Number of protein chains: 2
Amino acid sequence: MSATNRQIRLAARPVGDVKAEDWEHVSAPAEAPGPGQFAGRTLVISLDPAMRGWLDDRPSYLPPVGLGDVMRAGSVIEVTASNHPDFRPGDHVVGAFGVQENVVSDGKGALKVDTSLAPASTYLGALGMPGMTAYFGLLDVGALKEGETVVVSGAAGAVGTMVGQIAKVKGCRVIGIAGGPEKCALLTDELGFDAAIDYRAGDVKRALREQTPDGIDVYFDNVGGDILDIALTRLAMNARVVVCGAISQYNNATPVKGPSNYMSLLVRRARMEGFVVFDYAKRYAQAAQEIAGWIGDGRLKVKEHVVKGTVDDFPETLQMLFRGENVGKLVLELA
Amino acid sequence: MSATNRQIRLAARPVGDVKAEDWEHVSAPAEAPGPGQFAGRTLVISLDPAMRGWLDDRPSYLPPVGLGDVMRAGSVIEVTASNHPDFRPGDHVVGAFGVQENVVSDGKGALKVDTSLAPASTYLGALGMPGMTAYFGLLDVGALKEGETVVVSGAAGAVGTMVGQIAKVKGCRVIGIAGGPEKCALLTDELGFDAAIDYRAGDVKRALREQTPDGIDVYFDNVGGDILDIALTRLAMNARVVVCGAISQYNNATPVKGPSNYMSLLVRRARMEGFVVFDYAKRYAQAAQEIAGWIGDGRLKVKEHVVKGTVDDFPETLQMLFRGENVGKLVLELA
């Protein structure tokens, strides 16, 4: 353990886009674990679109990150010293340890992971929150049935790549919406999506109409905005719209664009439903085991976008999410 | 039967508000019933907010009213002549007979009603589509449970008065949102609502916060627009938003205002669901019987707004709905 602990703290609440000056880069003293605690060094940090929401001071499913607090983030650490009976030096542990080099924890919400089965980063992606989000959002909230048509936006992201592939495992027709020809090629050529629509390339409405002749049974929304509105025009009877995220709206300084076409929920006897993955915590282990099985037999491919650097690279790496520069799960791996 | 049949036909598709010149007043010859048909004279005609949607040429749950066609409307008629085995002269029959003085029908979708048990108009209101809409929307789509908090907008209308009263029968706390002090007084003083909020009187958001300290479990929306958006800020965990109508948006010439606060569906693990009452047709009889029982034992009051006139008064009477001038079910009773 180094004598100092480099940390990224929230300095100011961003208005619109997050700016460099909204963060504070701090060298704090590295702490030793107290009774019942363990210490560890960070291996890899998760970057998630939801982080933008955590920076705003408004009621949500988690309290906002406090001004001056270490930025909240999932990460995998290696235990370096322990006074905790369940964690030993050398253990790899996933938890909400924050954007910092060194961690001291009482083990609450922390989970040991086996990095001989999958790389540490995968416990932040396919086997972590994005994987759980895709699994429970699609199968529980979306109540997906074999043979249905699934459309997912943000399809090349951490959650989207999982949603599409799980829907394929379940015998569905899958259309992904993503930005740019490279992402679209990845979806169809590598991940087995039936079709991909490049929202930057032109008429999304027409493309979606062509690709969903029988309508959409499950629309899994990661983006909100205009694409949500277009998807609402294509709902099949009794469709389910799974509200997972709205990345197109997170940096708005102006009010969120609500879905003008929401009355199609009436015409199509459809529902739009939100969820928070934490509610499914008791079933994570079972879901992760099932996903690991699909990875093992080659039916599901893990896509990760690994940036190597230091915690000081966190602010700039976070911006990649909002510029759509990542493919699959974005993580910051510490050198 | 008179020799002529006065009819109101759709002359032009309205843009924004419906104007007098969008209608054509026609004196057609009165027809005699053919084989398997019956003829009747119209007693009372239903006026419904949904009618505005039927005038637009866009896909919906029913085809639009054709240009030059008799305006679609529910009505109760008295049979005057019949070649149909199930209907005899003197029978009172409810059906989608249109805005016209005289009707010829093959009996499809027509139902005999007993006007000794309830006035004809009630078969267009509490025991008709508005009653069915309230019953199935609240109990099936809204999955209402005893002790929950229910908020209904358009609360003094045909559906709203029923929603609130059914929720009271089911042991819920009920808040109605309506326009003007008279309507609000009706809700609390006569219909047993726990509270009423006058949306014309000021700060709806603050009033709703005060009246729903534990949040809203079921929000039954008849109006859309700003009030839907405010209600979304007050959802309790696992809330249900029942999408029944959006009268504030029906006359828009500009795009519908979508609900900016829809992401509260995620934070609150809530769902927003639409429905069309026709899907419940097989259960109408059972629901009507239950509602009739509540009326009979005084737990539910029937509110009707009866305009007496001729079919020529239909266009002006319809406007009353959009100006919020009716209290309870609006009908046009023919002299």
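Bear in mind that the values here come from a model prediction, so they are computed numbers and not experimental data. Residue numbers start from 1 in every chain, and the chains themselves are labelled A, B, ... in the order their sequence lines are given, proteins ahead of strands.
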Participant: Is A/Asn252 in contact with chain B via its backbone, its side chain, both, or neither, using a 4.5 Å heavy-atom distance?
Facilitator: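 Neither the backbone nor the side chain of A/Asn252 comes within 4.5 Å of chain B.
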Participant: Count the heavy-atom pairs under 4.5 Å between each of B/Gly53, B/Ser60, B/Pro59 and chain A, then report the option with the highest count.
Facilitator: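 Sorted descending by pairs with chain A, the first entry is B/Ser60.
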Participant: Between B/Ser260 and A/Val256, is there a donor-acceptor pair closer than 3.5 Å when you use the side chain of the first and the backbone of the second?
Facilitator: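 Confirmed, B/Ser260 side chain pairs with A/Val256 backbone.
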Participant: Could you tell me which residues satisfy ring-ring contact (aromatic ring centres under 6.0 Å, His included) with A/Tyr280, sequence neighbours excluded, listed by chain and number?
Facilitator: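 Applying ring-ring contact (aromatic ring centres under 6.0 Å, His included) to A/Tyr280 gives A/Phe136.
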Participant: For atom NZ of A/Lys205, is the number of surrounding heavy atoms from other residues, nucleotides or ligands below 6.0 Å larger than 12?
Facilitator: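 Open.
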Participant: For A/Arg13, enumerate each residue passing the salt bridge (Lys or Arg N to Asp or Glu O under 4.0 Å) test, keeping only those at least two apart in sequence or located in another chain.
Facilitator: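 A/Arg13 satisfies salt bridge (Lys or Arg N to Asp or Glu O under 4.0 Å) with no other residue.
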Participant: Is any residue of residues 137-144 of chain A within less than 4.5 Å of chain B by heavy atoms, and which ones?
Facilitator: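 Expected list: none.
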Participant: Between A/Glu273 and B/Leu265, is there a side-chain heavy-atom distance shorter than 4.5 Å?
Facilitator: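 They are not in side-chain contact.
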Participant: For residues B/Arg268 and A/Tyr61, determine if any side-chain heavy atom of one lies less than 4.5 Å from a side-chain heavy atom of the other.
Facilitator: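 No, side chains not in contact.
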Participant: Heavy atoms only, distances under 4.5 angstrom: which of B/Asp229, B/Asp279, B/Asn238 has the most pairs with chain A? Name it, please.
Facilitator: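 Of B/Asp229, B/Asp279, B/Asn238, B/Asp279 has the most heavy-atom pairs under 4.5 Å with chain A.
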Participant: For A/Leu232, is it the side chain, the backbone, both, or neither that has a heavy atom closer than 4.5 Å to a heavy atom of chain B?
Facilitator: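 Contact with chain B involves no heavy atom of A/Leu232 at all.
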Participant: For chain B, which residues of residues 154-163 of chain A have at least one non-hydrogen atom nearer than 4.5 Å to it?
Facilitator: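 Listed by number: none.
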Participant: Give a yes or no on whether B/Arg206 atom CZ has more than 12 heavy-atom contacts from other residues, nucleotides or ligands under 6.0 Å away.
Facilitator: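 It does not: B/Arg206 CZ has 12 such atoms or fewer within range.
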Participant: Can you name the nearest heavy-atom pair linking A/Tyr262 to B/Ala246, along with the distance?
Facilitator: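 Distance-wise, the nearest heavy atoms are OH-CB, 3.6 Å.
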Participant: How long is the gap from CZ on B/Arg271 to CZ on A/Arg240, to the nearest 0.5 Å?
Facilitator: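 It comes to 13.0 Å.
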Participant: Just wondering, more than 12 heavy atoms not from B/Asp226 lying within 6.0 Å of its CG?
Facilitator: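 Result for CG/B/Asp226: open.
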Participant: Of the backbone (N, CA, C, O) and the side chain (C-beta and beyond), which part of A/Ala270 lies under 4.5 Å from a heavy atom of chain B, both, or neither?
Facilitator: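 The backbone, not the side chain.
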Participant: For A/Arg58, I'd like to know if atom CZ has over 12 heavy atoms of other residues, nucleotides or ligands within 6.0 Å.
Facilitator: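 Not more than 12 within 6.0 Å, no.
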Participant: Are the side chains of B/Phe275 and A/Leu266 in touch, meaning some heavy atoms are under 4.5 Å apart?
Facilitator: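 Counting from C-beta outward, B/Phe275 and A/Leu266 never come under 4.5 Å.
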